[in-house]
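Please read the structure below before turning to the comments.
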Amino acid sequence: MKILVTGGAGFIGSNFIYYMLSQHPDYDIVCLDALTYAGNLRTLESALKNKRFKFVKGDITDRAGVLELFRNEKFDIAVNFAAESHVDRSIMDPGIFLSTNVMGTQVLLDACREFGVSRFHQISTDEVYGDLPLDRPDLFFTEETPIRASSPYSASKAGADLLVLAYHRTFGLPVTISRCSNNYGPYHFPEKLIPMIIVNLLHNKPIPVYGTGENIRDWLYVEDHCRAVDLILHKGRAGEVYNVGGHNEMKNIDVVKLVIAELGKSEDLITYVKDRAGHDKRYAIDPTKIQTELGWSPQVKFKDGIKTTVQWYLDNRQWWEDLISGDYLKYYEKMYLNR
Ligand code: NAD
Ligand code: DAU
C-alpha cells in the first residue's frame, strides 16, 4: 500500500505520518508539502530516516508537478492535509486560502481521477458548519448540519468539501471527508492558541485573549484525530462525511488558565485584546456516526493530553525557538501590536 500525504510537514499531517509508519509496517508513505511558513522539514527528521518514507517538496496547486508525482508513484490512497489553516491569516489575506484550499484540492482530485486511487480522503474541519450559540449547550454539529462557514478560511474549506463530494457523485471517485474539531499536541505551530500560550508563558510574554475569552472550542488530542482518519481510510464508506470530536468543550479563558497553572506562571500575563472579526462562538461535534459505524472514540483525556503537550514543548525548545524569529515576529507584531 502506498499513501500520498499532502501537507505532512505541518502539525496534523506530520503526526499522521508518524502514526501510520508505526501502525502499518508494510505501508510506504510519500509526503508532498510546499514548506510554507507552516511547514517544517525538521518535524519530519525521524521519518526521513525510515526507508518507507519519502519527502517531495511541491505545491498542490502545481498541476503538472502533481500529475507527474502520481504518474511516477502510483498511489493507492491520497490524504489531503495541505492547506492554509489559520483563520486570522485568512482575515488578513484571503486569496491564498482559495488558491491552496480550493484549487489545490481540485488538482489532487483530478490527479486521483486520472491515475486511479482506491480512496481520496479530504481532511476538513468542523468550521464548515459555522458556529453554535453559547446559550444552547444542547446543540451539536452532525454530518447533516448545513454548511454555513464564517471566515474566508472556513469558506475555502467548505468549497473544497463540496468539490470532493461532487467528484464522488459526478465521476464516482471513492472519496471520504473527515470534519474534526480543534486539535492540540506536538508540532503545533506557535501562532495557534495552545502552543502560543505555552511559548509566550515560557518567555513571560502576555497571552492575548480575544474578546472576553468566552468562546468555546472542542479540543481533541492530535493522535485521536490520526486514529480516526486511519479508521475512515480502511473502514469508512466512500461518499461519506465523518465528524470527529470528543465532547471536550472548553472556554478559551479556561484553557489559558489551565496552561498557566500547568507551567506555574501568573494569571497577570492574561491580556484581553480586540476580538477576531466574525469570531465563531462555539464549536461542538456530535461524533455518533464515527463511534457507531467505525467504533472510534477518543483515547486521550484533555488533562493528560495537555500535560503531554506542555512537556513536549519543554523538551523540544529548539524546535519552536527556531520558528518564532524572523517572519513569525513580523506576523506577531502585525497581528497583536496596538490591538
Ligand atoms: P498546518 O498549517 O500546521 O500545516 C499545513 C501544511 O500544509 C504545512 O506543512 C504547509 O507547508 C502545507 N501546505 C500549505 N500550502 C500548501 C500547498 N499549496 N501545497 C502543498 N503543501 C502546502 O495545518 P494543520 O493544523 O496541520 O491542519 C492540517 C489540515 O487539517 C488542514 O486541512 C486543516 O484545515 C485541517 N484541520 C485542522 C485542525 C486544527 O485544529 N489544526 C482541525 C481540523 C481540521
Ligand atoms: O475547529 C477546527 C479549527 O481549529 C481548524 O479548522 C483550524 O485550522 C485551526 O486553526 C483551529 O481554528 P481556531 O480558530 O479555533 O484556532 P486558533 O488556535 O486560531 O484559536 C482558538 C481560539 O482561541 C479561537 O476562539 C480564537 C482564540 N484565540 C486565538 C489566538 C491565536 C485567542 O483568544 N487569542 C489568540 O491569540
Side-chain angles (χ1 to χ4, degrees), residues 5-16 31-41 43-44 56-62 65-66 79-91 96-97 99-101 103-105 107-108 122-129 131 141 149-151 153-154 156-157 160-161 178-185 187-197 200 206-220 222 225 229 244-245 250-253 255-256 270-276 279-285 332 335-336 339:
V5 177
T6 66
F11 166 44
I12 310 176
S14 60
N15 277 281
F16 181 73
C31 170
L32 174 70
D33 196 297
L35 296 180
T36 68
Y37 80 93
N40 185 354
L41 211 42
T43 300
L44 294 172
V56 177
K57 185 173 186 300
D59 195 314
I60 59 166
T61 64
D62 170 13
V66 167
V79 187
N80 182 27
F81 288 88
E84 287 294 332
S85 71
H86 193 186
V87 173
D88 289 326
R89 287 187 187 252
S90 82
I91 295 167
I96 182 79
F97 284 74
S99 158
T100 293
N101 299 0
M103 303 310 289
T105 301
V107 168
L108 292 172
Q122 174 73 355
I123 304 293
S124 184
T125 167
D126 59 357
E127 296 200 16
V128 300
Y129 300 121
D131 64 354
F141 297 138
S150 314
S151 69
Y153 161 69
S154 50
S156 69
K157 294 294 289 185
D161 280 16
S178 50
R179 295 183 180 145
C180 190
S181 58
N182 286 63
N183 285 212
Y184 68 99
Y187 301 118
H188 205 176
F189 193 81
E191 70 184 6
K192 304 285 180 72
L193 182 69
I194 288 186
M196 192 196 60
I197 303 169
N200 282 17
I207 312 296
V209 174
Y210 297 164
T212 59
E214 299 291 303
N215 301 57
I216 291 174
R217 296 293 182 267
D218 185 359
W219 294 97
L220 185 75
V222 63
H225 185 184
V229 175
V244 184
M250 292 182 74
K251 287 182 190 166
N252 290 341
I253 190 64
V255 173
V256 172
I270 296 173
T271 315
Y272 291 94
V273 299
K274 187 167 162 243
D275 210 351
R276 172 185 279 175
H279 197 174
D280 281 338
K281 297 283 186 228
R282 170 177 168 249
Y283 303 147
I285 285 277
Y332 200 89
M335 180 58 67
Y336 296 105
R339 184 165 181 149

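It should be emphasised that the depicted structure is a prediction, and the values quoted were computed from it without experimental measurement. Order of appearance sets the numbers: ligands from 1, and atoms from 1 within every ligand.
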*Between Tyr184 and Arg217, is there a cation-pi geometry (under 6.0 Å to ring centre, at most 45° from the normal)?*
no

*Quick one: does Cys180 get an N or O within less than 3.5 Å of an N or O on ligand 2?*
no

_Polar proximity ligand 1 side, Tyr153 side, N/O cut 3.5 Å exclusive_ = yes

*Can you figure out which of Arg276, Arg89, Glu214, Lys192 has its heavy atom closest to atom 14 (O) of ligand 2?*
Arg276

*Is any N or O atom of Ser181, backbone or side chain, closer than 3.5 Å to an N or O atom of ligand 2?*
no

_Region of Asp33 that comes within reach of ligand 1 [heavy atoms, distance under 4.0 Å]_ = both

*When only distance counts, is Tyr283 in polar contact with ligand 2, meaning an N/O pair under 3.5 Å?*
no

*Give a yes/no on ligand 1: does Ser14 have at least one heavy atom closer than 4.0 angstrom to it?*
no

*Could you tell me whether Thr125 and ligand 1 have an N or O pair separated by under 3.5 Å?*
no

_Distance in Å, Thr61 OG1 paired with Asn101 CG, rounded so as to fall on 0.5 Å steps_ = 11.0 Å

*Asn182 N/O to ligand 1 N/O under 3.5 Å*: no

*Which residue holds the protein heavy atom closest to atom 29 (C) of ligand 1, what is that atom called, and what is the gap in Å?*
Phe81 O, 3.3 Å

_For Ser14, give me all partners under side chain to side chain contact (heavy atoms under 4.5 Å, CB included), at least two apart in sequence or on another chain._
Thr43, Leu44, Tyr187

*Strictly under 4.0 Å, does any heavy atom of Gly104 approach an atom of ligand 1?*
no

_Classify the ring geometry of His188 against Phe11: parallel below 30°, tilted from 30° to 60°, perpendicular beyond 60°._
parallel

*Classify the contact between Ser181 and ligand 1 as side chain, backbone, both or neither, using a heavy-atom distance cut-off of under 4.0 Å.*
backbone

_I need the contact type for Lys157 against ligand 1. Using non-hydrogen atoms and a strict under-4.0 Å cut-off, is it side chain, backbone, both or neither?_
side chain

*Would you say Ala82 and ligand 1 have an N/O pair spaced under 3.5 Å apart?*
no

*Considering only heavy atoms, does Asn80 approach ligand 1 within less than 4.0 Å through its side chain, its backbone, both, or neither?*
neither

*Identify, for atom 17 (C) of ligand 1, the protein heavy atom at the shortest distance, and state residue, atom and that distance.*
Asp59 OD1, 3.5 Å

*asked:* If we only consider heavy atoms of Gly58, is any one of them less than 4.0 Å away from an atom in ligand 1?
replied: yes

*Name all residues meeting the side chain to side chain donor-acceptor pair (under 3.5 Å) criterion together with Asn200; count only those two or more places apart in sequence or in a different chain, and write none if there are none.*
Tyr332

*Using a 4.0 Å heavy-atom threshold (strictly under), name the region of Phe189 that reaches ligand 1: side chain, backbone, both or neither.*
neither

*asked:* Could you check whether any heavy atom of His279 sits closer than 4.0 Å to an atom of ligand 2, since that is the contact criterion I want to use?
replied: yes

*How are the rings of His279 and Tyr210 set relative to one another: parallel (under 30°), tilted (30 to 60°) or perpendicular (over 60°)?*
perpendicular

*Does an N or O anywhere in Leu32 fall below 3.5 Å from an N or O of ligand 1?*
no

